[in-house]
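Here's the structure we're looking at; comments come further down.
The first residue of the sequence shown is numbered 1, and numbering continues consecutively from there. It should be emphasised that the depicted structure is a prediction, and the values quoted were computed from it without experimental measurement.
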Amino acid sequence: MNHREKAEKVAEVYAVSFLKDAIGHDIFIGSHIERLLADKVNLIYQYVEDGNYYGAAIQHQNGEQFVVLNTFHSLRTRYFTAAHELWHLSEASLMQDGNFDHERAADRFAAAIMLPKELTKQLWNKFKKQDDEVAILKIADLADVPYVAVVRRLSELGENVPSKKITEMEWLEKRSELGFPISVSDYSSKDTRFVAYEHAVKENVEKKGLDILIAANKLSKFAPKLAEQYQSAALSRGHEVDA
């Protein structure tokens with residue numbers, strides 16, 4: 001067994017255990033993956049206009065864990081990225097040796113939890129009776145994952161899948177050609193948030209007397225609405241604010 005095969009096998013096994021504890025194998029996680037991730041780590045939403053940057057998993061020296069998601073990408077891609085990064089912070093990941101292919105394992109883990117084996121195969125066998133490409137589009141919509149992820153997952157599960165080399169953008173064109181309605185999951189949500197940081201600054205204002213103008217400056221990027229509230233409060237108290 002080569003490094004790639006080992007990574008895929010370990011990730012698939014861990015995914016089964018994860019789904020059993022988290023949500024079960026008979027429904028799709030979809031956007032709920034971000035809630036599951038937020039329950040485990042500090043989640044940061046960052047908008048960076050870079051198509052090659054999807055996100056990152058970071059562990060601080062004090063043991064605190066963070067995951068950054070780039071909201072420049074479509075919601076489908078963002079949810080899949082969240083699942084991918086979850087692998088990097090998992091116990092299964094930490095147990096592997098230095099030669100382990102973590103990136104391949106992370107992709108396989110993401111596919112396995114976002115597209116559970118039996119559910120995905122069951123829907124594929126049902127929907128493909130109408131049309132293979134329609135089936136892929138339907139599963140992608142139900143699971144809230146990239147179209148190419150569905151094709152790859154089906155191939156991993158031993159299914160004979162057409163259109164293996166079609167890109168995500170080409171799938172969007174096929175979606176239109178086949179008369180599918182517009183999906184919000186095909187678009188990005190240009191969000192910038194760091195809830196844990198926002199709460200920490202707010203607590204410092206309320207309990208430790210942090211100056212509200214300083215708080216506003218700290219929150220200008222990750223919580224602009226709250227920053228604006230602090231600035232307005234500062235003005236009403238007679239603070240001088242630069243134009």
Side-chain angles (χ1 to χ4, degrees), residues 14 18-19 21-23 29-95 102-103 106 109-110 113-114 144 184-185 187-243:
Y14 179 65
F18 176 86
L19 284 175
D21 293 337
I23 199 169
I29 289 179
S31 62
H32 186 59
I33 186 62
E34 291 188 359
R35 183 66 263 165
L36 292 174
L37 189 58
D39 288 341
K40 294 177 177 293
V41 301
N42 295 297
L43 199 53
I44 303 171
Y45 295 93
Q46 181 183 35
Y47 182 77
V48 180
E49 293 184 358
D50 183 349
N52 294 317
Y53 170 57
Y54 296 91
I58 305 164
Q59 181 161 321
H60 192 270
Q61 59 185 10
N62 65 5
E64 200 167 4
Q65 295 176 321
F66 302 82
V67 165
V68 183
L69 297 177
N70 186 7
T71 61
F72 171 74
H73 295 282
S74 71
L75 289 173
R76 297 179 190 278
T77 299
R78 195 175 99 186
Y79 299 150
F80 197 85
T81 300
H84 174 106
E85 297 302 338
L86 187 58
W87 163 265
H88 291 298
L89 298 172
S90 68
E91 292 180 5
S93 173
L94 297 174
M95 292 168 58
H102 283 282
E103 288 306 308
F109 174 75
I113 66 172
M114 297 298 283
D144 249 343
V184 295
S185 295
Y187 300 90
S188 63
S189 175
K190 299 179 181 180
D191 198 5
T192 301
R193 275 184 294 143
F194 186 0
V195 175
Y197 181 69
E198 177 184 345
H199 288 171
V201 173
K202 190 175 181 180
E203 183 177 4
N204 272 274
V205 169
E206 296 173 352
K207 297 182 179 180
K208 298 183 180 180
L210 178 66
D211 184 86
I212 54 177
L213 262 187
I214 295 176
N217 289 333
K218 288 179 178 294
L219 294 171
S220 60
K221 181 177 181 180
F222 289 111
K225 290 184 179 179
L226 183 56
E228 186 176 338
Q229 291 175 17
Y230 282 152
Q231 286 177 336
S232 297
L235 283 170
S236 67
R237 295 180 189 180
H239 281 280
E240 293 184 359
V241 181
D242 293 336

Suppose we screen for side chain to side chain contact (heavy atoms under 4.5 Å, CB included). Which residues come up paired with [X], at least two apart in sequence or across chains?
X: A200; answer: none
X: A110; answer: F80, A83, H84
X: S189; answer: L75, R78, D191
X: F66; answer: N42, I44, I58, H60, E64, F194

query = Okay, side chain of H73, backbone of Y53: is any donor-acceptor separation there less than 3.5 Å?
reply = yes
query = Hey, does the side chain of N70 reach the backbone of V48 with a donor-acceptor pair shorter than 3.5 angstrom?
reply =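 Yes; judged by distance alone, with no hydrogens or angles, the pair exists.
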inquiry  = Is a donor from one side chain sitting under 3.5 angstrom from an acceptor on the other, for S90 and S93?
reply    = no
Could you tell me which residues satisfy side-chain hydrogen bond (donor to acceptor under 3.5 Å, both in side chains) with [X], sequence neighbours excluded, listed by chain and number?
X: Q65; answer: Q59
X: D144; answer: S185
X: R76; answer: D141, Y147, S183, D186
X: D50; answer: none

Under the ring pair (Phe, Tyr, Trp, His ring centres under 6.0 Å) test, residues paired with F109 that sit two or more places apart =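 Here the qualifying residues are Y14, F18, W87.
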Just jot down the salt bridge (Lys or Arg N to Asp or Glu O under 4.0 Å) partners of [X], sequence neighbours excluded, or say none.
X: D39; answer: R35
X: E103; answer: none
X: K207; answer: E203

inquiry  = Measuring from atom OH of Y79 to atom CG of L69, what distance do you get when rounded to the nearest 0.5 angstrom?
reply    = 10.5 Å
